[in-house]
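Okay, so here's the structure we're looking at.
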Number of protein chains: 2
Amino acid sequence: MRAVRNAVEAVHMSYAAMPEVSPAVESLVRQVIAQVADKWTMLVLEVLEEHGTLRFSQVGRLVEGISQKMLTNTLREMERDGLVTRTVHPVIPPHVDYTLTELGRELSAAFCGVWLWAETYHGQVMAARAAFRERERA
Amino acid sequence: MRAVRNAVEAVHMSYAAMPEVSPAVESLVRQVIAQVADKWTMLVLEVLEEHGTLRFSQVGRLVEGISQKMLTNTLREMERDGLVTRTVHPVIPPHVDYTLTELGRELSAAFCGVWLWAETYHGQVMAARAAFRERERA
DNA sequence: TCGCATAGTTTCCTTTTCGTGCGTATGGCA
DNA sequence: TGCCATACGCACGAAAAGGAAACTATGCGA
C-alpha cells in the first residue's frame, strides 16, 4: 500500500509522515491480492481478456495445463469475486459462457505491468538462476 | 502476452494479425509469473521497496504472519531469481542484509497497478462476494 | 558460567492443494 | 440399442506447502 502511494505520489517523503491505511483495510487488500494473484486466475483473466466471451471448454483449451477441476474452481472464485459473469444456457448438452466484468477488465489491465515485466526480464531471471547455480556449486 | 501487446499498442487489431510469441518464451514467461506472483514474494517485495535495505529479522517483523522457514525460502528464491542481493557480514551473531536489485525494483513497480486495483476495488469485491452468497442461498 | 542474540537449517507433523477418474442429464446420431 | 457431447460435482489419494520447535555457532554481558 505505502509502496503504491509512493509510486502514485512519486515522492521521496518520510514514511513516518505518510498517513497510515487502517489495518483492517490493509488486511482486506492483502487477502484480495493473495486470491487474485493466483496463477490460474491470472491465466484465465488473460485468455478472457484476449478472446472476449468463451465457453468453459474453450477456456480450458486456451489455458493449457489446467485440469477441469481447477478450471471449475477458478471460474467459480472469479464469479464470486465479481470478475466474470457466468451465463448458463439451459440446453442439453449444457452450454455455459464466461465474460469479464468491468472489474475483471480493470484487473487485467492492472496485471499488464507484470506481464510486461516478465516478457522484458525473463531472460535476466534465467541468467540470474544460472549464475546462482554456478555460485552454489562451490 | 497478447493482452499486454494490446495495452501497449492501445489498438483494436485482429488477434490473428498479431505476431505470435514463440511457445518456448510463452511458457518461460508463464513460469516466471507463476513463481513471482507468489503471496509471500509480493509482500517481501513490498516491504523491501518501502524500507530499502533490511536484515532478515526486520523483514520477518514487517511482513507479519510469515514463518522463519517461509521467509528463508522466499528470500532464497528471490535471490536465485535476481530480485534481491544478499550480503553476509561474517560476524557473530550473524548479520545478513537484503536489498532489492534493479530487477526487483522494476517488478515492484510493475505490481503497483495490482496494489492500486486492490485498494480501489476491494469494496466491490466484498460486495460481489456478499451478493454471491445471497444468490447461492436459494 | 549461564544464557541471550542472529540467521539460519532440519525434523516432524498437519493442512491444503491438486490430479484422476467416475457419475449425470438427455437429445441427436448411427 | 448404444454412444457421444458438455459442464460440471464428488471422492480418493498423492504431493506439496507450511507451521512449530529444536539445534547450530559464539562473543558478550550479567
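We name chains A, B, ... by the order of the sequence lines, and we start the count at 1 in each one.
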Closest approach to the side chain of [X], judged atom by atom: which nucleotide of [options] is it?
{"X": "A:Pro94", "options": "C:dG8, C:dA5, D:dA7", "value": "D:dA7"}
{"X": "A:Met70", "options": "D:dC8, D:dT26, C:dG19", "value": "C:dG19"}
{"X": "B:Ile92", "options": "D:dT26, C:dA25, C:dA7", "value": "D:dT26"}
{"X": "A:Phe56", "options": "D:dT6, D:dA7, D:dA25", "value": "D:dA7"}

Whole angstrom is fine here: how far is it from [atom1] in [X] over to [atom2] in [N]?
{"X": "A:Glu77", "N": "C:dT16", "atom1": "CD", "atom2": "P", "result": "14 Å"}
{"X": "A:Gln58", "N": "D:dA7", "atom1": "CD", "atom2": "C1'", "result": "13 Å"}
{"X": "B:Lys69", "N": "C:dT6", "atom1": "NZ", "atom2": "P", "result": "23 Å"}
{"X": "A:Ile66", "N": "C:dT20", "atom1": "CD1", "atom2": "C1'", "result": "15 Å"}
{"X": "A:Asp97", "N": "D:dA7", "atom1": "CG", "atom2": "P", "result": "9 Å"}
{"X": "B:Gln68", "N": "D:dA21", "atom1": "CD", "atom2": "P", "result": "12 Å"}
{"X": "B:Leu71", "N": "D:dA17", "atom1": "CG", "atom2": "P", "result": "17 Å"}
{"X": "A:Asp38", "N": "C:dT16", "atom1": "CG", "atom2": "C1'", "result": "13 Å"}

Report yes if at least one side-chain N or O of [X] is closer than 4.0 Å to OP1 or OP2 of [N]; otherwise report no.
{"X": "A:Ser57", "N": "D:dT6", "result": "no"}
{"X": "B:Arg55", "N": "C:dA5", "result": "no"}
{"X": "A:Arg86", "N": "D:dA7", "result": "no"}

Quiz item: Do NZ/NE/NH1/NH2 and the carboxylate oxygens of A:Glu77 and B:Arg129 come within less than 4.0 Å?
Solution: no
Quiz item: Can a donor-acceptor pair be found between the side chains of A:Thr101 and A:Thr85 at a distance below 3.5 Å?
Solution: no
Quiz item: Can B:Thr74 and B:Thr41 be counted as having a side-chain donor-acceptor contact under 3.5 angstrom?
Solution: no
